[in-house]
Amino acid sequence: TTSSNLSTTHHVYDNELDSWSTAAALPTATRAPCGVTLRDGRLVVIDGYNRGGLNATQIYDPSTDTWSQGATAPATHGWYCAAARGANGQVYVFGGEGAPAAVSIYDPVANTWSSGATMPAGRKGHGAVHFRDGAIHVFGGTGIGALASMDIYDTAQNTWSSGVAM
């Protein structure tokens, strides 16, 4: 279902068949959420926009083609957030329109959220990538204007350091 640029439509790509199919609809319509795949193959869709900043954790299980609601994050990241899965299997959510400097950490096993150290630069529309050393690099996007900086989050120490600018 699509209304005012909000959607519950969910498509799945099969790389072996090189084709798309429609899967179960999201429980809550959203646009511009962030998301990440868990180790077990489930997809976690976080926040987004639905007539304002949405605070929702929607979890898709491709083995059953079903969605479930996860716990509510400590911050409403809203739309244009970034997410990455850490080496520990937890999901890290950075910034977004609703909470540009917030870090929220989701434990999918316990279905709980906690807060991480505040980002050095508030961001929205940025990227986040987990590296083998366990750190998550958060880069680009906008804050007060376009950002060419990169901040590095140490998931074990819950600390930030500066990376090389883009």
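A quick note: this is a predicted structure, and the numbers were derived from the prediction, not measured. We number each residue from 1, following the sequence as shown. FYI, side chains are in, hydrogens and waters are out, and symmetry mates aren't considered; it's all heavy atoms of this structure.
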Could you walk me through whether Tyr13 and Asp18 pass side-chain contact (heavy atoms from CB on, under 4.5 Å), step by step? CA-CA 7 Å; Tyr13 178 71; Asp18 192 25; 2.5 Å; yes
Which pair of non-hydrogen atoms, one from Cys81 and one from Pro33, has the smallest distance, and what is that distance? SG-C, 4.5 Å
Distance, nearest 0.5 Å, that separates OG1 of Thr72 from CG of Asn111: 9.0 Å
To the nearest 0.5 Å, tell me how far Asn55 CG sits from Trp113 CH2. 8.0 Å
Taking every non-hydrogen atom, the tightest pair across Ala29 and Asn50: O-ND2, 2.8 Å
Neighbour count above 12 (heavy atom, 6.0 Å) for Ile144 CD1: no
For residues 155-163, please give each side-chain donor-acceptor pair under 3.5 Å, one per line with the distance, not counting sequence neighbours.
from, atom 1, to, atom 2, distance (Å)
Thr155, OG1, Gly134, O, 3.1
Asn158, OD1, Ala117, N, 2.8
Asn158, OD1, Tyr153, OH, 2.4
Trp160, NE1, Ala117, O, 3.0
Trp160, NE1, Thr118, O, 3.3

Are any side-chain N or O atoms of Thr22 and backbone N or O atoms of Thr9, one a donor and one an acceptor, separated by less than 3.5 Å? no
Return the minimal non-hydrogen interatomic distance between Thr28 and Gln58, and the atom names on each side. N-OE1, 2.8 Å
In the single-linkage hydrophobic clustering (I, L, V, M, F, W, Y; side-chain heavy atoms under 4.5 Å), do Met166 and Phe131 co-cluster? yes
Should Val91 and Val129 be counted in the same cluster of Ile, Leu, Val, Met, Phe, Trp and Tyr side chains packed under 4.5 Å apart? no
Is it the case that one hydrophobic cluster holds both Ile59 and Val36, taking links as side-chain heavy atoms less than 4.5 Å apart, direct or via other members? yes
How close do Ala128 and Ala84 get, heavy atom to heavy atom, and via which atoms? O-CB, 4.1 Å
From His77 NE2 over to Glu97 CD, what is the distance, rounded to the nearest 0.5 angstrom? 13.0 Å
Apply the test side-chain contact (heavy atoms from CB on, under 4.5 Å) to residues Met119 and Asp151: give CA-CA distance (whole Å), side-chain angles for both, the deciding distance (0.1 Å), then the verdict. CA-CA 8 Å; Met119 294 195 311; Asp151 296 312; 5.5 Å; no
Tell me if the centroids of the rings in Phe94 and His126 come within less than 6.0 Å of each other. no
Closest approach of Val93 and Cys34, non-hydrogen atoms and distance? CG1-SG, 3.9 Å
Taking everything shown except Phe139 itself, do over 12 heavy atoms lie less than 6.0 Å from its CZ? yes
Got a second to check how far Leu38's CG is from Leu43's CG, nearest 0.5 Å? 8.0 Å
Working to the nearest 0.5 angstrom, can you tell me the gap between Leu6 CG and Tyr49 OH? 7.0 Å
Drop me the distance from Asp107's CG to Asn88's CG, to the nearest 0.5 angstrom. 8.0 Å
Passing option when Tyr60 is tested against Leu26, Thr37, Asp65 for side-chain contact (heavy atoms from CB on, under 4.5 Å): Asp65
Contact summary for Tyr106 and Gly70, nearest pair of heavy atoms: OH-CA, 4.3 Å
